Amino acid sequence: MALTNGFLKQYFVASACALLVVICGCTSYVSNSYTPQRGQSGKDVVWIATQDALVVKMLSAAQVTSQDLVYDLGAGDGIIPITAAKQFGARAVGVEYNEKLATLAQANALRSGVGDKVKIIQGDIFVEDFSKASVVTLYLLEELNAKLRPQILKMQPGTRVVSNTFSMGDWEPDQVIDSYGHTAYLWRVPAQVGGGWTVSGLASDGKSHTLHIHFDQRYQRLSGSMTVDGKKQVLLGARIEGNVLHFSFLNAQDELKHVKAFIDNNQWMGEVVAPYGMVELKLPAQKVTAVRSVNNQ
Ligand SMILES: C[S@@+](CC[C@H](N)C(=O)[O-])C[C@H]1O[C@@H](n2cnc3c(N)ncnc32)[C@H](O)[C@@H]1O
């Protein structure tokens, strides 16, 4: 709430000042005399704007809403933050190193009627803090994405990251977005679940068992094994989507069961759910909880 109030206050003042400049007829150098050239050099990468249709597809794939705070790293003329605010109702911040582009982008936001929702910071993407973003957009280069990746992976699980054209090294995207011959990629920051867990609620034979699960994790991909009374079985289809964990296992009756659970730091809770394709089958809710094992092996 404090962030929202501060943001609105700051941009109400900025918008009012810019409006005054417009009224005084002094904006020509901002709005008209600076025309960026496609391919002009930038600090780490040149300026080329993302095509309008792809901007909309990228923000749609990220399911941007008015609840989101979108950061565009390397904002250019502001097309992504402006669209995020105007068409999706989000608050948006653009970080742009080139001072003239940053000024132009803020003026474009004002002209588009979203000066109160869009803030353009003139700064370096490798210096500015974007950790509060719920959505990050990029149109940089593969190696710059890879450089940002450690920071991105520390963000809130479920944060969406969308990159025009360039991938993220060996972190596979969750979705590929195509638009008239252009491609973008979407990732959801995965919660960290690697290590050992002590689990309750999975046994279906009425007996109390000490049950351990161990996950190995690489980004959103998991492999896991479950040990019940010293007997080990490999978990099937283990994966993580943001802070949602999925895996399947065989119960004491040799039936395939599926677990969907929500991760909250050092614990997760969820239930045994119907297998995919059998949503009409209403199983009695079987609650499952887990905490990180003390030695986390
Ligand atoms: C390919 S353009 C993308 C512009 C915009 N995001 C879009 O998709 O339309 C990359 C932008 O990043 C800016 N840029 C390059 N290095 C930067 C850095 N280290 N910090 C901030 N901006 C940077 C460039 O000036 C350029 O405007």
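The figures that follow rest on heavy atoms only: side chains count, while hydrogens, waters and symmetry mates do not. Along the sequence shown, residues are numbered consecutively beginning with 1. What you see is a predicted model, and the numbers here were worked out from it, not measured in a lab. Note that ligands are numbered from 1 as they come in the structure, with each ligand's atoms numbered from 1 the same way.
- Between Arg160 and Asp174 there is no salt bridge, since no side-chain N of the basic residue sits under 4.0 Å from a carboxylate O of the acidic one.
- Considering backbone and side-chain N/O atoms, Asp72 comes within less than 3.5 Å of an N/O atom of ligand 1.
- For Gly94, the heavy-atom gap to ligand 1 stays at 4.0 angstrom or more.
- Distances from atom 4 (C) of ligand 1 to the heavy atoms of Gly123, Gly74, Ser41 show the closest one on Gly74.
- For ligand 1, the atoms lying closer than 4.0 Å to a non-hydrogen atom of Thr50 are 7 (C), 8 (O), 9 (O).
- Listed by number with element, the atoms of ligand 1 under 4.0 Å from a non-hydrogen atom of Val45 are 10 (C), 12 (O), 15 (C), 16 (N), 24 (C).
- Across every non-hydrogen atom of Leu138 and Val136, the tightest pair is CD2-CG1, 3.9 Å.
- Put simply, the side chain of Phe130 does not reach to within 4.5 Å of the side chain of Val95, judged on heavy atoms.
- Here the side chain of Gln122 pairs a donor or acceptor atom with the backbone of Tyr97 at under 3.5 angstrom.
- The shortest non-hydrogen separation linking Ile80 to Leu59 is O-CD1, 4.1 Å.
- Taking any N or O of Tyr97, backbone or side chain, at least one lies under 3.5 Å from an N or O belonging to ligand 1.
- Taking distance alone, with nitrogen or oxygen atoms compared against 3.5 Å, Tyr139 stays at or beyond that limit from ligand 1.
- Gln220 and Trp171 form a side-chain donor-acceptor contact under 3.5 Å, judged by distance and modelled atom types alone.
- Ion pairing between Lys147 and Asp44 fails under the 4.0 Å rule for side-chain N and carboxylate O.
- Below 4.0 Å from some heavy atom of Asp44 lie the following atoms of ligand 1, by number and element: 15 (C), 16 (N), 18 (C), 19 (N).
- The OG atom of Ser167 lies 11.0 Å from the CG atom of Leu141; values are rounded to the nearest 0.5 Å.
- Annotation for ligand 1: atoms under 4.0 Å from non-hydrogen atoms of Ile80 are 8 (O).
- Residues Phe249 and Gln233 are in side-chain contact: their nearest non-hydrogen atoms beyond the backbone lie under 4.5 Å apart.
- Considering backbone and side-chain N/O of Asn98, none are found under 3.5 Å from N/O of ligand 1.
- Near Ile79, meaning under 4.0 Å from any of its heavy atoms, are these atoms of ligand 1: 9 (O).
- Set against the non-hydrogen atoms of Ala49, the atoms of ligand 1 under 4.0 Å away are 9 (O).
- Salt bridge present: Asp170 and Arg149 bring a charged side-chain N and a carboxylate O closer than 4.0 Å.
- The residue from Ile125, Asp52, Val127 that puts a heavy atom closest to atom 18 (C) of ligand 1 is Ile125.
- Heavy-atom separations between Asn164 and ligand 1 are all 4.0 Å or longer.
- At a 4.0 Å cut-off, at least one heavy atom of Val46 sits close enough to ligand 1 to count as contact.
- For ligand 1 and Ile48, the ligand atoms under 4.0 Å from any heavy atom of the residue are 1 (C), 2 (S), 3 (C), 4 (C), 9 (O).
- Atoms of ligand 1 lying under 4.0 Å from at least one heavy atom of Gly76, given by number and element, are 4 (C), 27 (O).
- Across all their heavy atoms, Ile82 and Ala105 have their closest contact at CD1-O, 4.0 Å.
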